[in-house]
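Below you'll find the structure, written out as structure tokens, and then a few comments.
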2 protein chains.
Amino acid sequence: MNIYDIAQLAGVSIATVSRVVNDSPRVSEKTKQKVMAIMEENGYTPNVFARGLGLDSMKTIGIMCPDVSDAYMATAIAHLESRMHEHGYDCILCCTGYEQSVKEKYVSLLLAKRIDALIMVGSVYSGSGGSDSLVQYVRDAAKNIPVFLINGYLDHENVYCAYGDDYQATYDVTSQMIERGRKRILFLCDSHSYSATQKLEGYESALKSHGLPVLGDLKLYVKNRIHSVRDILLERRDLKFDSVVATDDGLAVGAIKYANSKLLKIPEDLCITGFNNSALSICSDPELSSVDNKVEELCNLTINNMMKILHGKAEEVSRDTKIPCRLVKRCTTDF
Amino acid sequence: MNIYDIAQLAGVSIATVSRVVNDSPRVSEKTKQKVMAIMEENGYTPNVFARGLGLDSMKTIGIMCPDVSDAYMATAIAHLESRMHEHGYDCILCCTGYEQSVKEKYVSLLLAKRIDALIMVGSVYSGSGGSDSLVQYVRDAAKNIPVFLINGYLDHENVYCAYGDDYQATYDVTSQMIERGRKRILFLCDSHSYSATQKLEGYESALKSHGLPVLGDLKLYVKNRIHSVRDILLERRDLKFDSVVATDDGLAVGAIKYANSKLLKIPEDLCITGFNNSALSICSDPELSSVDNKVEELCNLTINNMMKILHGKAEEVSRDTKIPCRLVKRCTTDF
DNA sequence: ATGAAAGCGCTAACAG
DNA sequence: CTGTTAGCGCTTTCAT
């Protein structure tokens, strides 16, 4: 059942049918009704491939993330999909992992599929700052379609960034710890992404501005697995710390497990903060104070920008949006 | 840059270029090399829309799930995407929520996009058993393309099911509790899906076969939010129970929180099991014993079946595969 | 082994 | 307001 069949049954030309399908005003109400009725009767659906071929678009966007099974990204993707769907777009999901070559391959695949735009979720797509060659594939993609970074930053034509102010959030949290008398704050991290770098800078900067030394020992990079974090902390008996700033909830929960198994009191003996305000933070015991970086807000903002751009209003949108994050206080902090 | 350009540059016809692109054996090695070189040089990529129009396929499958931000589904989808990608297929992700009309709408959208197959993750897509009219849209989809249910069951031509044996798993867990002397086992549930029904039957069946009564009070249906579960349990002071069989980890963690805030000893005073073996189960304190229903295995099985079917070997695959689940024992059980 | 040409189903410019 | 027609880029017979 194609447009010709419908045209014939309705006794009109295919152009008229096409106009009806595309809701053109240049059709009389009467023929419109007739054609619609016939389409309805026959359960006609326009062929998306043919339409795509003509319009060079299938109203599809690509969403890349390193790993949907991560709670933070999953939440982001759920929001993005739902908002895109409202706008009549479909989403091709790509879980790229963290390997450079795989990320690059996914981008070319997506470009070959002629997606209308690309969203990249996670700071792993912006290298550690933006100017290195590791992000060349992002710039290349931007030559063809608008690219949206969520929680990443890259200064380039046709790439639009939205991210939480990780620097400031970490600065604030660290400062509050110091003002509460903490002297040895452990910075617990699992990556060297742009976001991680921002957090580290916030941490160090708070230390410095409060006259505390930045100690290399107190910057610990580990794999993000709860038990492994706990065990590493347990083994490092040399390492003394009275508080933990973790760059992710999983790491923070690891620290909680460590404290619990050493029978340390939280927050008195050990003050802990996490990042992302995920389900983990209300699941642990005691419940975790965690920085909420507003995924939902970032997603909405991104979608709104995208719609403007896809409708030719690129000048209305900023390429760089930073939004403030704040600590959701629970039981692992004394401030 | 299209096939005509390449043909011209290579001094051959578009048919030859097409043959090279599709790796047809009916091209001389020499021209093949030449054409490939030219394509390489010019970074030529065949237009997927045009190809789709001719072949009526764009090597894309649809994946539906009620909510990717749920850890269990996120894991499933991560696996599915990665396996499909290996096979050269892209995935359109649809987060349908739980509403009937939305689920139906997504299916028609997906069919209109001419996907090659459809995967539905979660037992919400199989009604409460399979024969009611609520699953008609699934049957309709199956008229056009193969449909794969993960964790759902529906007996119908062209729909293929893979699910964990929730009945048996719940039967076993409940039985062990009884054999350990538990008398009042709370069945904590948040839905009436096919899977939930299976679990309930396993629970009741274990009770009966051990000569225990099935008490309506001890079947509690609640919303799956940790704190709300805890609070409901706290408020129901009339309700006496010495153990909890929860149909999801979130619910089980709610029960843990309840026990902790009443200073009940786990598992002595309250024995608890969850379902899905998610990150929550190692995050809580004490850590949760949880039934692992082998998402990964279900996903692999599904993809393998799908590949066979898409390659015309439908007779080789069973429409109904049930796999055993087992309890991962942690600290909330005494068996 | 290669080429010519007929679709695939739709959109849009153009003509009435 | 409606119809005619030329693409869109590729696959696939059917000739050669």
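The sequence lines fix the lettering, A, B, ..., with proteins before strands; numbering per chain opens at 1. No hydrogens, no waters, no symmetry mates; every other heavy atom, side chains included, goes into these values.
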Per-nucleotide protein contact string for nucleotides 8-16 of chain C (B base, S sugar-phosphate only, - none; heavy atom under 4.0 Å): BBBBBB---
N/O donor to acceptor pairs below 3.5 angstrom from side-chain atoms of residues 85-94 of chain A, sequence neighbours left out:
from: A:H85; atom 1: ND1; to: B:Y106; atom 2: OH; distance (Å): 3.1
from: A:E86; atom 1: OE1; to: A:R83; atom 2: NH1; distance (Å): 2.9
from: A:D90; atom 1: OD2; to: B:K113; atom 2: NZ; distance (Å): 3.2

Nucleotide D:dC1, atom P - distance to CD of A:E29 in whole Å: 10 Å
Side chain to side chain contact (heavy atoms under 4.5 Å, CB included) partners of B:K105, counting only residues at least two apart: none
C:dG3 OP1/OP2 closer than 4.0 Å to side-chain N/O of B:T16: yes
Spacing between A:D56 atom CG and D:dC10 atom C1', to the nearest angstrom: 14 Å
Set of residues satisfying side chain to side chain donor-acceptor pair (under 3.5 Å) with respect to B:K32, sequence neighbours excluded: B:D23
A:Q33 atom CD, neighbour heavy-atom count above 12 within 6.0 Å: yes
Result block: side-chain N/O donor-acceptor pairs under 3.5 angstrom for residues 34-54 of chain B, not counting sequence neighbours:
from: B:N42; atom 1: ND2; to: B:I38; atom 2: O; distance (Å): 2.7
from: B:N47; atom 1: OD1; to: B:F49; atom 2: N; distance (Å): 2.7
from: B:N47; atom 1: OD1; to: B:A50; atom 2: N; distance (Å): 3.0
from: B:R51; atom 1: NH2; to: B:N22; atom 2: OD1; distance (Å): 3.3

Distance, rounded to the nearest Å, where A:K32 contributes NZ and D:dC1 contributes C1': 13 Å
Residues which pass side chain to side chain contact (heavy atoms under 4.5 Å, CB included) with A:D5, listed by chain and number, not counting sequence neighbours: A:M1, A:N2
